[in-house]
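No hydrogens, no waters, no symmetry mates; every other heavy atom, side chains included, goes into these values.
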There are 2 protein chains.
Amino acid sequence: MNAPAPPRFQPLYQQIREAILHALQAGEWPPGGLIPSETELAQRFGVSQGTVRKAVEVLTAEGLLVRRQGKGTYVVSHDESQAQFRFLRLRPDEGPAVQPVSRMIHCRRVRAPADVQRALSLQGSDTVLYIQRVLVFGEDPVILDDIWLAGEEFRRLTPQRLAHQSSRLYSMFETELGTKMLHARERIRAVAATAEQAGLLAIEPGQPLLLVERVTTTFHGRPVELRRGLCRTTHHHYANEL
Amino acid sequence: MNAPAPPRFQPLYQQIREAILHALQAGEWPPGGLIPSETELAQRFGVSQGTVRKAVEVLTAEGLLVRRQGKGTYVVSHDESQAQFRFLRLRPDEGPAVQPVSRMIHCRRVRAPADVQRALSLQGSDTVLYIQRVLVFGEDPVILDDIWLAGEEFRRLTPQRLAHQSSRLYSMFETELGTKMLHARERIRAVAATAEQAGLLAIEPGQPLLLVERVTTTFHGRPVELRRGLCRTTHHHYANEL
DNA sequence: GAGTGGTCTAGACCACCCT
DNA sequence: GGGTGGTCTAGACCACTCA
């Protein structure tokens with residue numbers, strides 16, 4: 001006799017997590033907004049409140065939800081200070097963190113170069129939005145960013161719309177496009193500044209710079225952003241906790 | 001009337017977590033060993049099994065315990081592949097990760113320099129164990145480490161004992177001294193190699209190097225290690241996930 | 001005071017691992 | 001078969017927030 005294909009089991013709370021994730025992805029509750037209470041969700045999905053709680057705990061640990069006692073559970077927003085520095089790890093060596101100002105250099109739609117295609121799993125014909133900018137902390141240009149954005153989400157994002165509020169790119173991606181940046185993988189190395197890079201960062205060619213290469217992925221592991229950041233680290237450092 | 005000082009409340013499961021932590025710190029169960037079952041711990045502490053479970057979940061999330069279904073809960077060991085790369089984030093750009101070999105350059109007990117004193121919250125008279133070494137990946141010297149170790153834990157650690165098995169420092173710290181390295185804070189920057197550094201890493205002076213400064217802390221946030229690693233990143237990169 | 005999340009319990013059943 | 005952790009439930013009480 002042929003053995004029947006083994007059914008795929010999955011814990012209930014994982015299925016509830018998926019269900020909430022889909023609702024989140026569908027935009028059922030806005031970023032920063034309140035989701036239904038545990039008891040409401042339990043009724044909606046036909047499970048006990050404790051099971052919903054477990055699912056919400058997981059999503060909270062993943063950084064998608066925030067719970068506030070006495071108030072409710074909120075969809076996380078990239079505007080919050082809590083998330084403000086998740087994707088910007090460069091801190092001044094001394095003194096409080098300063099919000100950088102963005103100076104746009106390029107912003108246009110291009111066909112993706114080969115290495116960008118590879119990083120973002122694109123077809124040869126796909127176009128991406130390319131942005132080059134300098135982040136200025138106080139008086140000093142500190143970061144030179146090359147950014148490539150893939151996917152349908154960025155079809156509606158035109159150079160014009162970016163021009164005037166580019167200092168808070170992530171915040172805008174979210175509010176304008178509903179995109180969720182969930183996970184990022186970074187590769188960090190030290191490189192010498194080229195003449196062009198040195199010019200944009202007001203340093204001498206050959207000076208050491210921190211190169212941060214990042215691929216950001218969204219809901220189901222789909223890559224949507226490749227970013228190469230070159231950082232002056234004379235008065236700033238990249239902070240990390242293990 | 002004087003209002004009485006408000007009592008400090010703490011959830012039961014947090015107290016149980018502390019209790020388990022103290023047993024761990026006292027060495028009641030060896031690294032890699034099995035701790036008592038949930039029901040046993042529940043009896044011992046006089047709480048329900050679910051409360052013990054919550055405490056163990058927290059400690060598992062903190063990376064101190066590992067649970068294996070059907071077998072039990074284990075004290076984590078730094079030997080495990082799971083923890084092998086927690087403190088060594090440098091990976092080759094291509095190909096599988098290679099276990100580096102350590103070449104000792106200096107190893108002696110010294111009075112801590114001022115900056116090391118600050119980082120490790122030491123008194124002026126305290127001595128520290130100072131180690132300088134080069135980590136060689138395959139054929140290439142890739143990392144130049146300066147390491148300062150503070151505290152009673154390292155009194156028994158002599159240069160002689162380090163000389164021959166220094167390639168797996170952390171593993172040895174633990175097995176030999178029972179020290180637990182729990183948390184680390186890193187500051188990363190790009191610097192130019194000095195002549196001396198260049199000589200040790202077989203590169204040209206002035207070449208860019210990745211400087212990773214790390215302070216490692218143990219059980220109650222007490223700093224025990226300061227490390228400055230200089231890394232060639234021509235064929236390797238520092239990997240990070242956000 | 002009503003509603004929310006936070007904690008705690010007791011008990012049930014499952015899947016996994018060993019012997 | 002007996003022990004372990006993994007999941008799920010139902011119900012209780014607490015602390016916080018807001019009207």
Side-chain angles (χ1 to χ4, degrees), chain A residues 3-21 23-24 29-30 32-77 80 82, chain B residues 3-20 23-24 29-30 32-76 80 82:
Chain A
R8 302 301 236 104
F9 289 112
Q10 208 183 12
L12 241 191
Y13 77 91
Q14 293 277 12
Q15 300 175 39
I16 305 301
R17 174 190 164 278
E18 290 280 333
I20 298 177
L21 197 56
L24 235 31
W29 312 298
L34 201 55
I35 76 170
S37 73
E38 293 179 353
T39 49
E40 275 179 85
L41 289 173
Q43 283 184 340
R44 166 165 165 180
F45 297 123
V47 299
S48 84
Q49 182 248 17
T51 303
V52 169
R53 169 173 297 258
K54 187 91 188 258
V56 171
E57 267 171 12
V58 173
L59 288 167
T60 300
E62 292 172 339
L64 283 168
L65 298 175
V66 185
R67 320 192 72 171
R68 292 200 235 282
Q69 179 166 164
K71 303 185 75 174
T73 302
Y74 295 81
V75 182
V76 83
S77 158
E80 309 198 17
Q82 164 231 26
Chain B
R8 303 300 237 104
F9 290 112
Q10 207 183 11
L12 242 191
Y13 78 91
Q14 294 276 14
Q15 301 175 40
I16 304 300
R17 175 189 163 278
E18 291 279 333
I20 298 176
L24 236 31
W29 312 298
L34 201 56
I35 77 170
S37 73
E38 292 180 352
T39 49
E40 276 179 86
L41 288 173
Q43 282 184 340
R44 165 165 165 181
F45 296 123
V47 298
S48 85
Q49 182 248 17
T51 303
V52 169
R53 170 174 296 259
K54 187 91 188 259
V56 170
E57 267 171 11
V58 174
L59 288 166
T60 300
E62 292 173 340
L64 284 169
L65 299 176
V66 185
R67 319 192 73 172
R68 292 200 234 284
Q69 179 165 166
K71 305 186 73 173
T73 302
Y74 295 81
V75 182
V76 83
E80 310 197 16
Q82 164 231 28

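- Residue whose closest nucleotide on DNA chain D sits further toward the 5' end, between A:Q15 and B:G72: B:G72.
- For the pair A:Y13 OH and C:dC14 C1', the computed distance is 14 Å after rounding to whole Å.
- Near DNA chain D, meaning a heavy atom under 4.0 Å away, the residues from residues 42-56 of chain B are B:R53.
- When each of C:dT4, D:dT9, C:dC8 is scored by its nearest atom to the side-chain atoms of A:L12, the top-ranked nucleotide is D:dT9.
- Contact between the side-chain N/O atoms of B:T73 and the OP1/OP2 oxygens of D:dG5 is found at a separation under 4.0 Å.
- Atom CG in B:L65 sits roughly 16 Å away from atom P in D:dT4 (whole-Å rounding).
- One interatomic measurement links the two molecules: CD of B:E38 to P of D:dG2, which rounds to 21 Å at whole-angstrom precision.
- Distance A:R67 CZ to D:dT17 P: 15 Å, rounded to the nearest Å.
- How far CD of B:Q14 is from NZ of B:K54: 8.5 Å, rounded to the nearest 0.5 Å.
- Between B:Q14 atom CD and C:dT7 atom P the separation is 7 Å, expressed in whole Å.
- Look at CD on A:E57: it is 14 Å from P on D:dG6, rounded to the nearest Å.
- Regarding B:R17, its CZ atom lies at a distance of 17 Å from the C1' atom of C:dT7, rounded to whole Å.
- Look at CG on A:L41: it is 16 Å from P on D:dC8, rounded to the nearest Å.
- Residues A:A55 and A:I20 come closest through the heavy atom pair CB-CD1, 4.5 Å.
- The CG atom of A:L65 sits 6.5 Å away from atom OG1 of A:T73, with the distance rounded to the nearest 0.5 Å.
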(request) Check the pair B:R67 / B:E57 against side chain to side chain contact (heavy atoms under 4.5 Å, CB included), numbers first and verdict last. (result) CA-CA 9 Å; B:R67 319 192 73 172; B:E57 267 171 11; 4.2 Å; yes

Taking N or O atoms only and anything under 3.5 Å, show me the protein contacts with nucleotides 15-19 of chain C, one pair per line.
| residue | atom | partner | partner atom | Å |
| --- | --- | --- | --- | --- |
| C:dA15 | N3 | B:Q69 | OE1 | 2.9 |
| C:dC16 | O4' | B:Q69 | OE1 | 3.4 |
| C:dC18 | OP1 | B:K71 | NZ | 3.3 |

